[in-house]
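To keep things clear, I will list the structure first and then write my remarks on it.
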2 protein chains.
Amino acid sequence: MLTDEYRYKILKELQQDPDISQRELAKRLGISLGKANFCLKALIEKGSIKADNFKNSANKTGYLYLLTPKGIEEKVTLTQRFLQRKLREHEALEQEIEQLRKEVKT
Amino acid sequence: MLTDEYRYKILKELQQDPDISQRELAKRLGISLGKANFCLKALIEKGSIKADNFKNSANKTGYLYLLTPKGIEEKVTLTQRFLQRKLREHEALEQEIEQLRKEVKT
DNA sequence: TTGACCATGTTCATTTGGTGAACGATAATA
DNA sequence: TATTATCGTTCACCAAATGAACATGGTCAA
């Protein structure tokens with residue numbers, strides 16, 4: 001349920017915007033509130049992020065989702081893995097497009 | 001449940017291989033037997049394919065899933081639509097890769 | 001012919017995964 | 001204080017996917 005894709009996207013989103021509500025996160029990722037909540041809890045459980053409740057800045061009620069050192073490292077790994085995956089997808093997509101072009105000609 | 005993607009893939013698979021079991025089709029598309037059965041029935045219902053039971057060649061028990069004229073036409077349309085979609089995906093993927101490369105450098 | 005297989009299509013109870021309304025808690029505001 | 005707003009949390013509900021189990025019909029050897 002918490003795939004690498006969402007793990008990566010969430011860590012990325014939180015790294016550049018730690019004070020963000022679960023609702024906003026859900027909206028940005030195009031997932032439901034329930035799923036966002038589940039994923040966040042899982043990441044906290046795994047020790048990738050920790051939820052601080054700094055009473056600061058705009059968001060006072062909610063938390064501050066901060067990446068732990070482990071989380072930062074994990075994000076690097078995920079980013080590299082993701083890049084590799086996307087490169088493979090890219091190649092596959094080009095082949096698929098080529099085949100579709102052939103097919104359209106027929 | 002029967003998305004354009006599977007509609008296209010099934011028509012393509014059947015066009016070039018009409019004598020194929022639902023199990024084999026499911027395996028090729030990476031879906032379950034139940035879903036393959038559901039999709040096939042839907043395509044038959046819509047008149048895109050018809051199930052002949054020619055007692056011929058290897059497959060004697062099963063059917064021969066043949067594209068109707070309507071199905072052939074539909075497949076052309078789907079192919080074109082699919083090509084357009086893939087081209088958009090291609091562009092999006094290149095942007096995503098570029099961003100990932102930037103991020104990896106950091 | 002009979003019976004034992006085998007491959008096929010069909011069904012459906014079960015599992016899985018996602019959803020968002022509703023709730024309690026807390027802070028800001030009138 | 002009372003009210004409003006925002007947040008995280010929960011969980012009953014729904015849709016979709018799954019694959020074991022079943023029914024049918026063909027094949028082949030006894």
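Enclosure of atom CD in A/E5 by more than 12 non-hydrogen atoms of other residues, nucleotides or ligands within 6.0 angstrom is indicated. In the displayed structure, A/F38 atom CZ is contacted under 6.0 Å by at most 12 heavy atoms of other residues, nucleotides or ligands.
Taking only side-chain nitrogens and oxygens, A/Q22 comes nearer than 4.0 Å to OP1 or OP2 of D/dT9. A/Y65 has a side-chain polar atom (N or O) that falls below the 4.0 Å cut-off from OP1 or OP2 of D/dG8. The side chain of B/N37 places an N or O atom within less than 4.0 Å of a non-bridging phosphate oxygen (OP1 or OP2) of C/dT10.
Summarising the geometry, the separation between CZ on B/R23 and C1' on D/dC22 is reported as 11 Å, rounded to the nearest angstrom. Spacing between atom CG of A/N53 and atom P of C/dT26 amounts to 11 Å, rounded to whole angstrom units.
Under 4.0 Å is where a charged nitrogen must lie from a carboxylate oxygen, and between A/K41 and A/E45 no such pair does.
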- Query: Going through the checks in order, is the side-chain contact (heavy atoms from CB on, under 4.5 Å) test met by B/E89 and B/R85?
  - Reply: CA-CA 6 Å; B/E89 284 180 16; B/R85 182 189 302 177; 3.7 Å; yes
- Message: Set out, in order, the CA-CA distance, both residues' side-chain angles and the distance that settles side-chain hydrogen bond (donor to acceptor under 3.5 Å, both in side chains) for B/Y65 and B/E13, then state yes or no.
- Response: CA-CA 10 Å; B/Y65 299 104; B/E13 211 66 50; over 6 Å; no
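Partners of B/E103 according to the salt bridge (charged side-chain N to carboxylate O under 4.0 Å, His left out) rule, which considers only residues two or more places apart in sequence or in another chain, are A/K75.
Closest approach of A/C39 to A/L2, counting heavy atoms only: SG-CD1, 3.7 Å.
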- Note on the structure: In B/S/- notation (B base, S sugar-phosphate only, - none; protein heavy atoms under 4.0 Å), nucleotides 13-19 of chain D written 5' to 3' is ----SBB
At a cut-off of 3.5 Å, list every protein nitrogen or oxygen paired with a nitrogen or oxygen from nucleotides 3-5 of chain D, distance to 0.1 Å.
none

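Put simply, the side chain of B/K70 gets close to the backbone of B/K46: a donor and an acceptor are under 3.5 Å apart.
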